[in-house]
Protein chains: 2
Amino acid sequence: MSPYDPSAFPPFAVTVDLVALTVREQALCALTVRRAEPPFEGAWALPGGFVRPDEDLAAAAERELLEETSLRARVMEAACPVRRGEAHLEQLATYGDPGRDPRMRVVSVAYLVLAPDLPTPRPGGDVEGARWTPVDALLEGGRSGGRLAFDHDRILADGVERARSKIEYSSLATAFCPEEFTVGELRRVYEVVWGVSLDPRNFHRKVTGTPGFLVAAGGTTKRQGGRPAQLFRAGEATVLNPPMLRPEP
Amino acid sequence: MSPYDPSAFPPFAVTVDLVALTVREQALCALTVRRAEPPFEGAWALPGGFVRPDEDLAAAAERELLEETSLRARVMEAACPVRRGEAHLEQLATYGDPGRDPRMRVVSVAYLVLAPDLPTPRPGGDVEGARWTPVDALLEGGRSGGRLAFDHDRILADGVERARSKIEYSSLATAFCPEEFTVGELRRVYEVVWGVSLDPRNFHRKVTGTPGFLVAAGGTTKRQGGRPAQLFRAGEATVLNPPMLRPEP
DNA sequence: CCAAAAGTGTTCTCTGTACACCCATGA
DNA sequence: TCATGGGTGTACAGAGAACACTTTTGG
């Protein structure tokens with residue numbers, strides 16, 4: 001059996017699935033779409049679709065995201081900080097269990113998207129209903145709210161875990177923030193994603209003291225509650241050294 | 001365009017490729033095979049092959065590894081320490097650039113294998129020549145020694161980087177060791193994989209002081225040079241907290 | 001005035017680092 | 001005896017945790 005006989009390879013379908021996360025209303029939310037056809041008709045699922053014959057995997061993920069949310073993402077390469085208005089996109093893992101799709105053999109490459117909160121989570125194109133759903137309701141509370149189609153529960157769980165661990169040692173938490181943000185807003189991202197509460201004083205010293213993490217945006221004030229806060233943008237740093245420590249409960 | 005029309009999916013070939021690493025003679029080595037057919041006939045490549053129609057991706061990786069090295073691997077799931085004689089296996093990433101194989105569209109799921117040094121790196125089955133090659137020669141020194149086939153240089157680089165960062169915060173370095181090993185042998189693993197030298201005294205305190213990392217194997221001595229050293233086995237811990245810090249040069 | 005969020009300073013503790021020193025073997 | 005690697009003790013510096021305290025807004 002020669003490893004590359006072009007005529008004898010088994011037929012596989014290849015898709016991309018998206019774990020698109022954002023922070024909305026004090027909750028970590030994932031983008032879900034409602035399936036319009038069987039199997040799992042009417043069930044919620046992660047957005048995704050076929051990779052086209054001459055399309056790169058990451059390009060397929062970007063296209064699907066754009067089609068369903070009109071959100072532009074940018075592939076994360078080493079030392080590539082997220083830019084204005086663009087979401088962060090990275091490969092998560094590949095799921096190819098035989099039988100994960102009841103009709104045929106489908107290998108799905110999952111991508112993780114970290115996006116700032118959007119004014120409208122407007123569904124676009126051919127998708128019936130797309131919306132942001134709190135991941136807590138989809139994962140642990142999923143017994144009542146209903147499970148996601150296929151193995152998307154596991155893909156979502158893997159994506160959430162990747163996001164939780166990655167903001168520990170990278171500057172990726174800023175991908176959840178708008179272009180300009182305050183230290184308190186960034187702290188709320190960490191608190192929501194990790195489900196903990198952090199000391200505001202120590203957090204402030206930590207993030208402002210890490211070179212390259214934040215740069216002052218000049219504009220020095222904004223209303224959030226009490227005293228006006230300085231505005232920052234994401235700096236050039238991509239890795240946090242020393243990392244942000246996740247407290248244990 | 002419905003996302004799951006069984007008759008309309010584009011044809012893809014799906015393969016697994018292995019980045020199998022071990023520590024031999026003070027060098028981090030990767031398993032390479034020599035290609036017997038075009039394209040890249042005669043060139044070195046990572047071992048790999050087609051996923052069978054009803055085979056899970058991880059099972060395909062295990063099968064390929066067994067066929068080419070008679071090495072048994074075990075899929076790494078959360079909280080699953082490596083066991084006696086078995087290698088560690090985890091999914092690395094998926095590579096699907098159109099044109100990465102000149103003949104057809106091939107999506108390759110790469111797996112990372114961390115193995116102890118083997119008595120014989122014996123090639124098995126239908127593979128012409130399989131051998132362990134120092135990764136330094138394959139990566140930076142690759143200009144002279146010759147590049148790997150396809151995009152395997154990049155896959156190998158990603159695998160090495162994953163291994164380097166993963167032994168920082170997990171107990172995976174023990175996967176490079178035989179079942180029973182000394183603290184000095186474990187330290188040499190870190191030194192070779194990272195390409196640094198570590199303080200033996202502090203390293204000893206660190207690893208023996210981390211609960212669950214090492215357990216004394218009873219047998220208390222062995223000859224390695226000077227004074228006899230205690231023998232240990234890998235403990236139940238999988239994550240290192242606090243992590244092992246990689247010194248900067 | 002009070003509540004709420006933004007910042008700053010200080011103290012304590014923990015752990016990583018550097019290095020002196022002793023132990024047990026082979027040659 | 002010396003060289004080699006194994007293992008312990010100790011002192012110093014840096015960073016995280018806890019928290020007192022000041023600043024600046026809105027109500």
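Within every chain, numbering begins at 1; the chains are lettered A, B, ... in the order of the sequence lines, protein sequences first and strands thereafter.
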Just by protein heavy atoms under 4.0 Å, how would nucleotides 3-9 of chain D read 5' to 3' in B, S and -? -BBBBBB
Rounded to the nearest 0.5 Å, how far apart are CG of B/L186 and CZ of B/F203? 4.0 Å
Here the distance between atom C1' of C/dG16 and atom CG of B/L198, to the nearest Å, is 13 Å
Taking the six-membered ring for Trp, are B/Y169 and A/Y169 closer than 6.0 Å centroid to centroid? no
One pair to check against side chain to side chain donor-acceptor pair (under 3.5 Å): B/D17 and B/Y95. What are the steps and the verdict? CA-CA 10 Å; B/D17 284 324; B/Y95 301 83; over 6 Å; no
Rounded to the nearest 0.5 Å, what separates atom CG in B/L240 from atom NZ in B/K206? 6.5 Å
Can you find a side chain N or O atom of B/K206 that sits less than 4.0 Å from OP1 or OP2 on C/dT15? no
Euclidean distance, atom CG of residue B/L240 to atom P of C/dG16 [Å, nearest integer]: 10 Å
Please give, in whole Å, the distance from C/dT15 C1' to A/L245 CG? 12 Å
Please determine whether a side-chain nitrogen of the Lys or Arg among A/K222 and A/E180 lies less than 4.0 Å from a carboxylate oxygen of the Asp or Glu. no
Rounding to an integer number of Å, can you tell me how far A/K222 NZ sits from C/dG7 P? 12 Å
Carboxylate-amine/guanidinium proximity below 4.0 Å for A/R162 and A/D158: no
Rounded to whole angstroms, how far apart are CG on A/D199 and P on C/dA6? 12 Å
A/E168 CD to D/dG16 P, in whole Å, measures 13 Å
Gap between atoms CG and P, on A/L186 and C/dG7 respectively (whole Å): 12 Å
